[in-house]
Amino acid sequence: MTQNLNGDIRVTAAVLRMGRRGSFVDNVSSGGLDLMIDTQTGAFFPAASDSNRIGFFKKHPETGFVFEGFRIRNWKHIRQELVSLAQKVPEFPDLAWDIAVTDNGIKILEFNIFYGFDSVQNMLGGLRRKMGISPALQH
């Protein structure tokens, strides 16, 4: 997710979505997993969550891949590229990007101007501070 506050663009949240059980989709509503990524370093959080928010997984249930200690290569460049892209669409101050990370950089699958961030909020324990929303604006 990127946020443009009067030309100051920042990456506010990043999530790796993963499929499970032979599914071809990665949605948590289809049994997938969400894993938060540290927006400054590209490091994986130590555990992923399922759609029910009941289970936390330190490794992928089917592949056995351990999340803790893994970091996305070239994260600084990926962040810079997302900021650059967000600068090109200033009329959309809050965007959720669906990207694929390849050996040749990122590929933009889509960006969303209306998006749900329930899972991100659940994983981070809220987004108010990360998105700079004043408590006085909450109802």
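Positions are given from 1, in the same order as the sequence printed here. The shown structure was predicted, so the numbers you read here are calculated from the model rather than taken from an experiment.
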query: Is it true that a side-chain atom of Arg79 and a backbone atom of Thr39 form a donor plus acceptor pair closer than 3.5 Å?
result: yes
Asp38 side chain vs Thr41 backbone, donor-acceptor pair below 3.5 Å: yes
query: CZ of Phe92 to CD of Gln3: how many Å apart, nearest 0.5 Å?
result: 15.5 Å
- prompt: Can you tell me how far the CG atom of Asp34 sits from the CZ atom of Phe45, to the nearest 0.5 Å?
  reply: 12.0 Å
task: Determine, using ring centers only, whether Phe65 and Phe70 are less than 6.0 Å apart.
output: yes
Closest heavy-atom contact between [X] and [Y]?
X     : Y     : result
Ala48 : Phe67 : CB-CE1, 3.7 Å
Ala86 : Asn4  : O-ND2, 4.4 Å
His60 : Gly19 : NE2-O, 3.0 Å
Ala47 : Phe56 : CB-CB, 4.3 Å
Val11 : Val83 : CG2-CG2, 4.5 Å

message: Quick check on Asp8: does its CG atom have over 12 non-hydrogen neighbours (other residues, nucleotides or ligands) under 6.0 Å away?
response: yes
query: So among Val89, Ile9, Thr12, which one has a side-chain contact (heavy atoms from CB on, under 4.5 Å) with Leu95?
result: Val89
